[in-house]
A.B. asks: 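Just dropping this structure here.
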Amino acid sequence: MSSITRRTALGAAVGAAGLALAGPAASAGAATARTGAADRPAPSAGTAGTGPAPAAFDEVYLGRRIKGGATHGGHHGGHHTGGYSVTIDGEELHVMQNADGTWISVINHYEPLATPKAVARAAVRELQGAPLVPLTLA
């Protein structure tokens, strides 16, 4: 019988996963460097929802139609979005406002940006031409 326990095997697997994640973490600085200065979050003394609503936008960015604007209700009843909706080519991009006033999406969840427009642009860059697939719970 082997002397390897489940605890030892699980510890080795977690360690290997940590090493696998170290590569993307090291390249995070390069991803931040390619993002324009206008996309970077500005320091904020307030909390989410206390300042003015972000400006609405409707533009074509890298060949994709991105739109954003205030909404009432919508996804999760507007709970995470602060009453703001963003779409890429007509498909909803789930966005959330953080407590510090920055914004994130399901595409770039660990890259907070200053505005929903910056989040939409970052998502288009990250998608690299792939379609935005709606989130569904199946």
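Fair warning: this is a prediction, and the values are worked out from it, not measured in the lab.
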A.B. asks: Please give me the minimum heavy-atom distance between Ala114 and Trp103, naming the atom from each residue.
C.D. replies: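 Scanning both residues completely, I find the closest heavy atoms to be O-CD1, 3.5 Å.
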A.B. asks: Please answer whether the main-chain N or O of Thr102 pairs with a side-chain N or O of Asp100 as donor and acceptor at a distance below 3.5 Å.
C.D. replies: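 Flag set: sc Asp100 to bb Thr102 pair under 3.5 Å.
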A.B. asks: Shortest non-hydrogen contact from Asn108 to Ala122?
C.D. replies: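 So the minimum-distance heavy-atom pair works out to ND2-CB, 3.3 Å.
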A.B. asks: What distance separates Asp89 CG from Lys67 NZ, expressed to the nearest 0.5 Å?
C.D. replies: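 Here the interatomic distance stands at 10.0 Å.
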A.B. asks: Evaluate Leu132 against Ile107 for side-chain contact (heavy atoms from CB on, under 4.5 Å), listing each step before the verdict.
C.D. replies: CA-CA 9 Å; Leu132 179 62; Ile107 302 292; 3.9 Å; yes
A.B. asks: Would you say the side chain of Glu111 lies within less than 4.5 Å of the side chain of His109, judging by non-hydrogen atoms?
C.D. replies: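 Sidechains of Glu111 and His109: no contact.
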A.B. asks: Below 4.5 Å, heavy atoms only, C-beta onward: do Arg121 and Ile66 meet side chain to side chain?
C.D. replies: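 They are in side-chain contact.
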A.B. asks: Would you indicate whether the side-chain heavy atoms of Tyr61 and Arg125 approach each other to under 4.5 Å?
C.D. replies: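 Answer yes - side chains close enough.
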A.B. asks: What are the two closest heavy atoms between Leu93 and Ala123, and how far apart are they?
C.D. replies: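 Here Leu93 and Ala123 meet closest at CD2-CB, 3.9 Å.
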A.B. asks: For Pro112 and Ile104, work out which heavy atoms get closest and say how close.
C.D. replies: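 Minimum heavy-atom separation between Pro112 and Ile104: CA-CG2, 3.7 Å.
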A.B. asks: If you take all heavy atoms of Tyr84 and Pro54, which pair is closest and at what distance?
C.D. replies: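 Result for this residue pair: CE1-O, 3.4 Å.
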A.B. asks: Could you work out, with salt bridge (charged side-chain N to carboxylate O under 4.0 Å, His left out) as the rule, every residue matching Glu91, not counting sequence neighbours?
C.D. replies: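 Glu91 satisfies salt bridge (charged side-chain N to carboxylate O under 4.0 Å, His left out) with no other residue.
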A.B. asks: Should Glu59 and Arg64 count as an ion pair when the cut-off is N to O under 4.0 Å?
C.D. replies: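 Between Arg64 and Glu59 there is no salt bridge, as every charged N stays at least 4.0 Å from the carboxylate O atoms.
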A.B. asks: Return the minimal non-hydrogen interatomic distance between Val86 and Ala120, and the atom names on each side.
C.D. replies: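 Minimum heavy-atom contact is CG1-CB, 3.8 Å.
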